[in-house]
Amino acid sequence: MSIPALEEIIEPNDQTEARKASLAAIADLVGNVYPNKFARTNISGGEDTLTALKQFDKVAEIEAKMAEIKASLSEGERPPADKKDALNEELKALGTVRIAGRLTTPTRGNFVHLTDGMSKLQVYANKKGPLALVKNDGADTIDEENGWALWQLLDHGDLIGVEGYLFITNTGEVSVHVEKLQFLAKAMLPMPDKMHGIADPELRRRYRYADLIASSLQVEHDGLTTREVFERRAKLITGMRRFLDDHGYIEVETPMLTPKATGAAATPFETYHNALDIPLYARIAPELYLKRLTVGGFEKVYEINRNFRNEGLSHKHNPEFTMLEFYCAYMDVNGMMDFCEELMQDAVLKSTGQLQASITKEYAGTDESPIIVDFGMFERLTMKQAIVRYWDKLGSRNMSRGTIDESWLENVSQLRYLATYMRLKKEVILLSDAFETDGGLEKKFFMNFLPKGWNRDRIEEIDKERISLAEEFPSWADELTFSYLENHAPKYPDVEAEKGAIVLELFESFVERFLIQPTFITDYPKSISPLSKADPRNPNVAERFELFINGMEVANGFSELNDPKEQYERFVDQMAQREGGDEEAMVLDEDYIRALSYGMPPAAGIGIGIDRLVMLLTNKHSIRDVILFPHMRPEKREGEKGSEGEGEKEV
RNA sequence: GGUCCGAUAGCUCAGUCGGUAGAGCAAAUGGCUUUUAACCAUUGGGUCCCUGGUUCGAGUCCAGGUCGGAUCACCA
């Protein structure tokens with residue numbers, strides 16, 4: 001691997017060359033251009049960051065007074081000198097301030113703005129002085145002559161420290177009048193566009209640091225600056241942490257590198273420990289470790305951290321994602337839903353200040369008006385109730401057997417029919433288009449699964465004449481269902497497993513996307529929930545829920561299975577499915593069975609996808625916009641080419 | 001992996017029917033010096049993503065590729 005030259009990393013252009021030149025000139029004036037520190041003052045009570053000064057009561061008070069004076073003036077009229085002078089006396093009496101920050105405006109003229117990333121504060125320098133520069137020679141030697149010279153060499157984006165006094169301008173903005181100027185660091189690259197920031201989403205994510213600089217210029221993308229997105233994220237997480245702490249939970253950290261990847265159905269990242277000579281896996285879920293801790297007596301325990309899954313990327317999936325997972329002894333799934341609701345409402349309120357989140361683009365992309373997600377009310381539906389409720393939304397009016405109701409979902413024959421219909425529908429055409437072209441769909445239905453003795457040509461003919469196939473052949477559905485099941489249907493160990501699988505498939509395919517408002521879906525098939533207890537009233541149903549918001553799964557919780565024997569058997573089933581080719585089936589964890597054998601209290605647990613929740617609260621449609629450094633393909637450097645030797649001809 | 005869309009100056013973007021490569025910002029030089037989104041004047045700045053094709057002539061049309069975005073499938 002060749003080591004790239006500095007010029008390949010920071011490609012020279014007129015901008016960088018100009019900055020190089022100004023840096024050299026600055027070095028002549030100040031010596032070291034990358035000094036080690038700058039001490040800020042504390043007139044505002046703490047360290048004077050720009051934000052602290054902006055928010056300092058006295059400063060706000062004087063700005064308010066000036067605003068009042070200005071309100072009494074006509075357009076373009078300057079405030080009376082005596083009144084302004086009085087305010088400036090008050091400001092000057094506050095004493096000398098020393099502040100530091102990045103130049104957010106080009107440096108032509110007397111005024112520039114400095115930013116600390118959050119706020120901007122105006123800074124003023126006068127050519128006639130007194131304007132000194134502070135040399136970076138370790139002794140802070142003062143050079144009375146060259147302050148203005150240094151001021152003129154500054155570039156947009158440079159970091160400087162200034163010492164001076166506060167004053168207010170005619171337009172009513174409190175500013176610092178610079179008396180001493182110290183150079184702190186150079187921006188060798190030009191700043192992002194001051195109006196648009198970085199527009200290309202790829203570059204925003206790759207060069208997040210520059211994207212964040214644009215935030216300090218108040219550049220917004222879809223309503224929030226990038227910095228605000230991550231401030232909300234931080235507040236949400238702190239809020240959740242505080243809520244859990246206040247309710248007696250203890251925060252722990254469990255292994256990220258594990259000898260077994262289990263606790264969820266997912267493909268792990270694999271790595272290798274040289275000294276131990278064993279493979280290790282990046283964890284796909286902390287679940288089994290946290291439940292070991294409930295065995296050990298941590299009755300309420302949580303972890304907020306990353307999980308890693310070696311699967312596809314999408315607007316909803318990053319290879320590493322943050323999950324809050326917690327467990328509470330002696331609680332069941334219903335208690336957990338109550339608690340989850342409280343926790344989320346509290347955290348959402350702390351993060352955004354309100355319980356409603358506005359989302360401007362609907363999941364299905366059909367409606368332009370924003371959706372308001374209301375965290376004030378969480379609905380609870382069984383999976384079957386949800387299917388019946390939302391089936392109509394699909395406009396599946398042409399079901400040959402009529403309209404579905406909940407009894408269909410108990411009847412294996414009806415379920416098989418629905419499964420056939422659904423699988424073909426998915427195969428044929430994008431979901432959103434499918435219902436525009438029911439005739440075509442039905443035709444494809446026939447073509448793919450033509451029972452014996454049916455004539456292809458006849459079907460083509462009927463289609464040409466645009467006669468509804470369902471009308472022509474009222475019994476088509478049963479014929480096809482039968483044919484499909486004979487030849488194409490997946491095999492299930494028993495009828496209950498088949499029913500469960502089909503109900504889940506119907507739910508995932510057709511219903512999820514319509515769950516916009518917070519909705520707990522309950523009654524998951526036990527067969528797909530190997531770590532969950534059965535419902536005491538129905539052995540085929542797991543005491544499990546998933547929370548859906550805006551069509552996304554945001555949380556997943558259940559009454560935790562704590563019977564070591566049953567857990568062992570469920571793992572064995574999973575291993576059998578693994579043998580059968582299901583790479584995501586769970587792996588048996590012997591030590592976990594041992595832990596359960598010590599006796600685990602009945603408990604409820606939940607995992608909450610933090611990234612997705614942040615997406616909802618910040619109106620972002622891509623998970624990559626709520627992760628500071630999302631996974632990206634490595635940047636490709638262009639192979640070295642001959643230097644640009646094309647002589648430019650004049651004339 | 002499928003489908004659709006995109007890539008032009010450091011940045012944000014125009015570029016008509018295929019006929020000399022454009023603007024604003026940023027930069028340089030000079031002026032101005034209590035400005036408020038971007039003061040005034042002048043100047044420099046281009047591998048139009050890559051490769052090939054059609055054509056007298058390609059930023060523009062065609063094919064293939066690279067990278068990215070949206071969306072679908074798997075997954076949380």
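To find a chain, count down the sequence lines: A is the first, B the second, and so on, and within it residues start at 1. Basis for what follows: all heavy atoms, side chains included, without hydrogens, waters or symmetry-related copies.
Side-chain proximity of A/F111 to B/U34, B/U36, B/A27: nearest is B/U34. Residue A/Y124 has its side chain nearest to B/U34 when only B/G68, B/U34, B/A76 are considered. Between B/A28, B/G68, B/U34, one nucleotide has an atom nearer to the side chain of A/D155 than all others, and that is B/A28. When the nucleotides B/A27, B/U36, B/A76 are ranked by their closest atom to the side chain of A/H156, B/A27 comes out on top. Comparing B/A76, B/U36, B/A70 against the side chain of A/T171 picks out B/U36 as the nearest. Here the side chain of A/R309 is nearest to one of B/U36, B/A76, B/U34, namely B/A76. Set against B/U34, B/A70, B/G69, the side chain of A/S622 has B/A70 as its closest nucleotide.
Residue A/L87 contributes atom CG, which lies 15 Å from atom C1' of B/U34 at whole-angstrom precision. With rounding to whole Å, A/M188 atom CE is found 16 Å from B/A26 atom C1'. One can place NZ of A/K127 at 9 Å from C1' of B/C32, the figure rounded to the nearest angstrom. For A/L189 and B/A26, the CG to P distance is 17 Å, given to the nearest whole Å. Atom CD in A/Q122 sits about 8 Å away from atom C1' in B/U34, given to the nearest Å. In this structure, A/H113 places its NE2 atom 16 Å from P of B/U34, rounding to the nearest Å. Between the P atom of B/A76 and the CG atom of A/L504 lies a distance of 10 Å, rounded to the nearest Å. Here B/A26 presents its C1' atom at 16 Å from CG of A/L154, a figure rounded to the nearest Å.
Among the heavy atoms of the strands, none lies under 4.0 Å from A/N310. When heavy atoms are screened at a 4.0 angstrom cut-off, A/E17 is found touching no nucleic acid atom at all. Among the atoms of the strands shown, only primed sugar atoms or phosphate atoms (P, OP1, OP2) are found under 4.0 Å from some heavy atom of A/A18. Note on A/A265: only backbone sugar-phosphate atoms sit closer than 4.0 angstrom, heavy atoms only; bases stay farther off.
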Notebook entry, point to check: Under a cut-off of 3.5 Å for both distances of each Watson-Crick or G-U pair, what dot-bracket string does RNA chain B give, using [ ] for crossing pairs and | for inter-strand pairs?
Noted result: (((((((..((((.....[..)))).(((((.......))))).....(((((..]....))))))))))))....

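Taking the six-membered ring for Trp and thresholds of 30 and 60 degrees, A/H177 and A/Y165 have nearly parallel ring planes, at less than 30 degrees apart.
Aromatic ring centres of A/F548 and A/F507: separated by under 6.0 Å.
Looking at residues two or more places apart in sequence or on another chain, you find no salt bridge (Lys or Arg N to Asp or Glu O under 4.0 Å) involving A/R19. Residues forming a side-chain contact (heavy atoms from CB on, under 4.5 Å) with A/V333 (at least two apart in sequence, or on another chain): A/E543, A/F545, A/S559. A/K65 is linked by a side-chain contact (heavy atoms from CB on, under 4.5 Å) to A/E61, A/L87, A/E90, counting only residues two or more places apart in sequence or in another chain. Here A/E546 pairs with A/R544 under the salt bridge (Lys or Arg N to Asp or Glu O under 4.0 Å) rule; sequence neighbours left out.
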Tabulate protein N/O versus nucleotide N/O from nucleotides 7-10 of chain B, keeping only pairs under 3.5 Å, one per line.
{"unit_1": "B/G10", "atom_1": "O4'", "unit_2": "A/N13", "atom_2": "ND2", "d": "3.4"}

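Side-chain nitrogen and oxygen atoms of A/R19 include none within less than 4.0 Å of the OP1 or OP2 phosphate oxygen of B/A26. Residue A/R205 has a polar side-chain atom (N or O) positioned under 4.0 Å from OP1 or OP2 of B/G69.
Comparing A/H177 and A/E553 by the nucleotide of RNA chain B whose heavy atom lies nearest to each, the residue mapping closer to the 5' end is A/H177.
Tested against A/R208, the residues A/L628, A/I627, A/L203, A/I213 include a single side-chain contact (heavy atoms from CB on, under 4.5 Å) partner, A/L628.
A salt bridge is defined here as a Lys NZ or Arg NE, NH1 or NH2 lying under 4.0 Å from an Asp or Glu carboxylate O, and A/K20 with A/E17 meets this definition.
Judged purely by distance below 3.5 Å, without hydrogens or angles, the side chains of A/R624 and A/N318 never pair a donor atom with an acceptor atom.
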